[in-house]
Each structure stands twice: as C-alpha cells, then as structure tokens.
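Contents: one structure, followed by commentary.
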Amino acid sequence: MTWNAALSGCLKVGRTDFVWKLYQEMIECGVVADVDVETVGYLIQAFCADNRVSEGYELLRQVLVNGLVPENAVFNKLISGFCKEKQYTRVSELLHTMIAKNRVPDNYTYQEVINWLCKKGKGLEGLRVFNDLKDRGYAPDIAMYTTMIHGLCTMGWLGEARKLWFEMIEKGFHPNEYTYNTMIHGFCKIDNFEEAKILYKEMCNKGHKETTVSYNTMMTGLCLHGRTDEAYRLFQEMHQKGIVRDLITYNTIIQGFCKEGKIVESMNLFRELLAQGLQPSTYSYTPLIQKLCQVGAVQEAKGLWNDMKNIGLEPIVGTHDYIIIGLCDQGDAAEGMEWFIEMLNSKLKPKQETLGRLVECLTQRDRLDDSLLVLEFMFRTGYALEKGVCHSLVNKLCWEDNHFVETCLGEILEGK
DNA sequence: CTAGGGTTAG
C-alpha cells in the first residue's frame, strides 16, 4: 500500500523518472511478490506519460493473461495515448477489452476519444461519437460538452457549438470557466467580438473570475484580427487588476506587434518577459526573428537566434527560411548558402520561395555552381522554378557564355 | 493513499 501511494504521488506530479526508480527499489527490496494490479496500473500509466504507449499496452496484455484487470483510469490512459498516435485499431481493441472485462467505458473514456479526434483534425468523427453516445443513452457531463463545443469552435462551426451550448444548459449544466472561455474563443476566432464580449460579461456576472486564461483568450482573438491596440489595452488592464501575465500573454502580444511591424514595442515586451523571470519559448523568438529579417536587421535576428540556441530552444523550420531570405535581401549569398547547407544537414526542407530567392541572389553574385546545386535540390524536391528566377538565371548563364549553358538549360526545362 | 477529463499562442 505504501509503495503504491508513493507511485501514485510521483505519477501525479509528472515524475515518471521517480516511478521507475521506485519500481527498481521495489525489486531490490524483494517486495515484488506484493506487486498488485494497482502497482501494474501505475507502471502502465507511467509508460503512457512517457509516450511509450505500446509498452504500456504490452504490460496490460500480460496482466490480463494472469487474470488481473486494472481500473478504468489505466484503460483510459492507454486509449488516450493511442488516440494521440492515431492508432485507432488499438483504441477499438481496448474499448472491446474494457467491455469484455466488465470495465464499462465511462465519460472520461469517451471524452478522451472525442478530445483527441478533434485535436487530430477529425472533429466530424468526434461529433459522430458524441451523438452516438447520446443516442445510446450516455449522459455527457459538462467536461464532455465543453470538449465537443471546443472541437466545433476550432472547426469554425459556431452554429453547432452554440446549439450544444444551449442543449447543455437545458440539461442543467451551467457553463463554467472552461465552457465560457471555450465559447468566447470560438466567437473571437470568427471575428465576432460583439458576441464574445457579451459572453465575457455574462461570465463575470455569473460570478466567474477574470483570469489569465480569459484575458489571453480575448487578446489572442483581437491580435488574430489585427486589433493589436485593443489587445494591448487589455494587457495593461491585466496589470492594473493584478491578473498574472504569463508566457502566453507575452507571446501573444509580441506576435501581434510584430505582425504590425512594431518591432521596437515587441522587443521591449520581450525584455519585460525576461525581466519578469519568465522562461521564453521558441514562439517568443519566432515572430521577432521573422520581423527583424524582414526589415533588414539580420544581425540582430542572428543574435536572437544564438540566444535561443544557448538556452536549449530549437527554432522552427520557418525561422531558417526567414534568415536565408534576410541574408539574400542584403546580398549576402555566401552566408545564405551556408544556412541552406546547414538546413540540409539537419534534414530540414526550406520553402520553395526561399530557394528561389537564394538562386536569384547566388546568380547575381556569380556563384553559378552554388545556384545549380540549389536548383538541383529544388528539382529533386519537386519545387517549381518561378519565372523571374528562371529569367535571371538564364540571363546570367548566357552572359557568361558558359559552355554548360545548354546542359543547364536542358536541366531547367526538364525540371519544369 | 486508493482516479481521472475540458479553456488561451505557436
């Protein structure tokens, strides 16, 4: 019982490393004979938390053979894990096993299924599961309604979402913080701030507190539709009201300002983020680097890139593209080429536009060999060559009176 | 201690 309590606690705080260590100690202490279905359940859940779902499933199958049947929670974690990996055959197997072993799938089980279907772009499937459940007499609870409403909002199906909202209320579930924020997010997403604000007010009137999440939700929506100034007003309001501004808050505003070209404001906010002791994420840097490159401040962009790498953050693919284009805009073909090679070494695929720009720049700088190298990659990737790029290349090749002209032209035409 | 889900960026 003591071991199990400890395992459960470690799992709860996300320290699977301690789960495995404790299990090791159990073996060393010779208490393995005491390992029961509960212990195994924790081990399976630890596998799931470590994204080693298949190993968890294997362990489940072993204990089932021995006649032990873990709790619903264990099955649910496995189902959730396989949903995340889109292994729906496994999900269906597990549901059947649950029924066969008298562990009837519950709201938590199906909520996870619906949640992941929606998150993996199968919202329609999710809705089908949801409706099937109702037809079969299951009574979805408020979390399940929220999940489904969220899925519908993400797909932009506000009408359907709203219908469920009222259906939920009719069944006696009053919207809580989660439901309100979900619905508000939905309205913001489709640029319907009137409805969003009505709901926001209603949420407050019903006694739900304004939170970091509620503010972030509104601010995200406003930034998404170019209303950055309004978002920034909310940002200041948060401070006045003493509502904590978290990483999402800062990232949202930084991105919003960058989109509008307000790079100075963005940088100030970024510094404030650091001063607050918040740990920046990849997406704190991404819009800044992008914008700096676009305004020709590649050196500064590279500085941020290095800072980012130094604290162990990995830039997203697109950031490489921005740097290369920024370098090309400055006419620095040589370094652009270096970054391109670096991308290839890291197995990253630059965008077609980036490579077109690079070819153009290399050509202008008389680096024909490099141009052809990039071209070769483009053709191999199945990228098309834009007309302008093609022109400048052909011009240069003819001008040079290069005796490879014909071969090169042949290749270019073949590629097209 | 023994069971857990849903909201905000990218």
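Residue numbering restarts at 1 for every chain, and letters A, B, ... go by the order of the sequence lines. Hydrogens, waters and symmetry mates are skipped; everything else that's a heavy atom, side chains included, is used.
If you check distances only, the side chain of A:N115 never reaches the base of B:dG5 with a donor-acceptor pair under 3.5 Å. Between the side chain of A:T147 and the base of B:dG6 there is no donor-acceptor pair of N/O atoms closer than 3.5 Å. In the interface, the side chain of A:D106 is paired with the base of B:dG4 through a donor and an acceptor atom under 3.5 Å apart.
For A:T179, the listed nucleotide lying nearest its side chain is B:dG6; candidates were B:dT8, B:dG6, B:dG10. Set against B:dT7, B:dC1, B:dG10, the side chain of A:E177 has B:dT7 as its closest nucleotide. Checking B:dC1, B:dG6, B:dT8 against every side-chain atom of A:V213, the shortest atom distance belongs to B:dT8. For A:N216, the listed nucleotide lying nearest its side chain is B:dT8; candidates were B:dG5, B:dT8, B:dG10. Listed candidates were B:dA9, B:dT2, B:dT7. Nearest to the side chain of A:N251 is B:dA9. With B:dT8, B:dC1, B:dG6 as the choices, the nucleotide that has an atom nearest any side-chain atom of A:S8 turns out to be B:dC1. Across B:dT8, B:dG4, B:dG6, the shortest atom-to-atom separation from the side chain of A:H185 is found for B:dT8. Out of B:dT7, B:dG5, B:dA9, the shortest distance to the side chain of A:T220 is found at B:dA9. Counting only heavy atoms from C-beta on, A:E38 has its side chain closest to B:dT2 among B:dC1, B:dT2, B:dA9. Closest to the A:Y42 side chain, of the nucleotides B:dG6, B:dT2, B:dC1, is B:dT2.
Looking at heavy-atom distances under 4.0 Å, A:K189 makes no contact with the nucleic acid at all. Among the atoms of the strands shown, none is found under 4.0 Å from any heavy atom of A:T2. Base engagement by A:E71 is indicated by at least one non-hydrogen atom pair under 4.0 Å involving a base atom. When heavy atoms are screened at a 4.0 angstrom cut-off, A:T146 is found touching base atoms of the nucleic acid. Residue A:I149 is out of contact with every strand shown, counting any heavy-atom pair closer than 4.0 Å. The residue A:T286 sits apart from the nucleic acid: no heavy atom pair falls under 4.0 Å. Counting non-hydrogen atoms under 4.0 angstrom, A:Y110 reaches nothing in the nucleic acid. At the heavy-atom level, A:N176 lies under 4.0 Å from base atoms of the strands shown.
Remark: side-chain polar atoms of A:T147 are not paired, donor with acceptor, to backbone N or O of A:N115 under 3.5 angstrom.
Atom CE in A:M1 sits roughly 11 Å away from atom P in B:dT2 (whole-Å rounding). B:dG10 atom C1' lies 12 Å from atom CG of A:L224, rounded to whole Å. Taking atom CG on A:N72 and atom C1' on B:dT2, their separation rounds to 15 Å, with Å as the unit. Look at CG on A:L117: it is 15 Å from P on B:dG6, rounded to the nearest Å. Put simply, CD1 on A:I44 is 14 Å from P on B:dA3, counting in whole angstrom units.
Under the 4.0 Å criterion applied to side-chain N and carboxylate O atoms, A:E58 and A:R61 are assigned as salt-bridge partners. A salt bridge is defined here as a Lys NZ or Arg NE, NH1 or NH2 lying under 4.0 Å from an Asp or Glu carboxylate O, and A:R128 with A:D132 meets this definition. Using a cutoff of 4.0 Å between basic side-chain nitrogens and carboxylate oxygens, A:E376 and A:R380 are scored as salt-bridged. Between A:K302 and A:E338, no side-chain nitrogen of the basic residue sits less than 4.0 Å from a carboxylate oxygen of the acidic one, so the salt-bridge criterion is not met.
B:dG5 and B:dA9: their C1' atoms are spaced 22 Å apart (whole Å). Taking the C1' atoms as reference points, B:dT8 lies 23 Å from B:dG4, given to the whole Å. Annotation: B:dT7 and B:dA3 have their P atoms spaced 23 Å apart (nearest Å). Separating the C1' atom of B:dT2 from that of B:dG6 is a span of 24 Å, rounded to the nearest Å.
The closest side-chain heavy-atom distance from A:L152 to A:R162 is not below 4.5 Å.
Residue ring and base: A:Y108 counts as stacked with B:dG4 (centre distance below 5.5 Å, interplanar angle below 30°).
For the pair A:K119 and A:W116, the cation-pi test (distance below 6.0 Å, angle within 45°) is passed. Cation-pi geometry between A:R227 and A:F193 is met: under 6.0 angstrom from the ring centre, within 45 degrees of the axis.
Between A:H208 and B:dT7 there is no side-chain N or O to OP1 or OP2 distance below 4.0 Å. Within the 4.0 Å cut-off from OP1 or OP2 of B:dT2, at least one side-chain nitrogen or oxygen of A:K12 is found. Proximity of A:Q111 to the phosphate of B:dG4: no side-chain N or O atom is located under 4.0 Å from OP1 or OP2.
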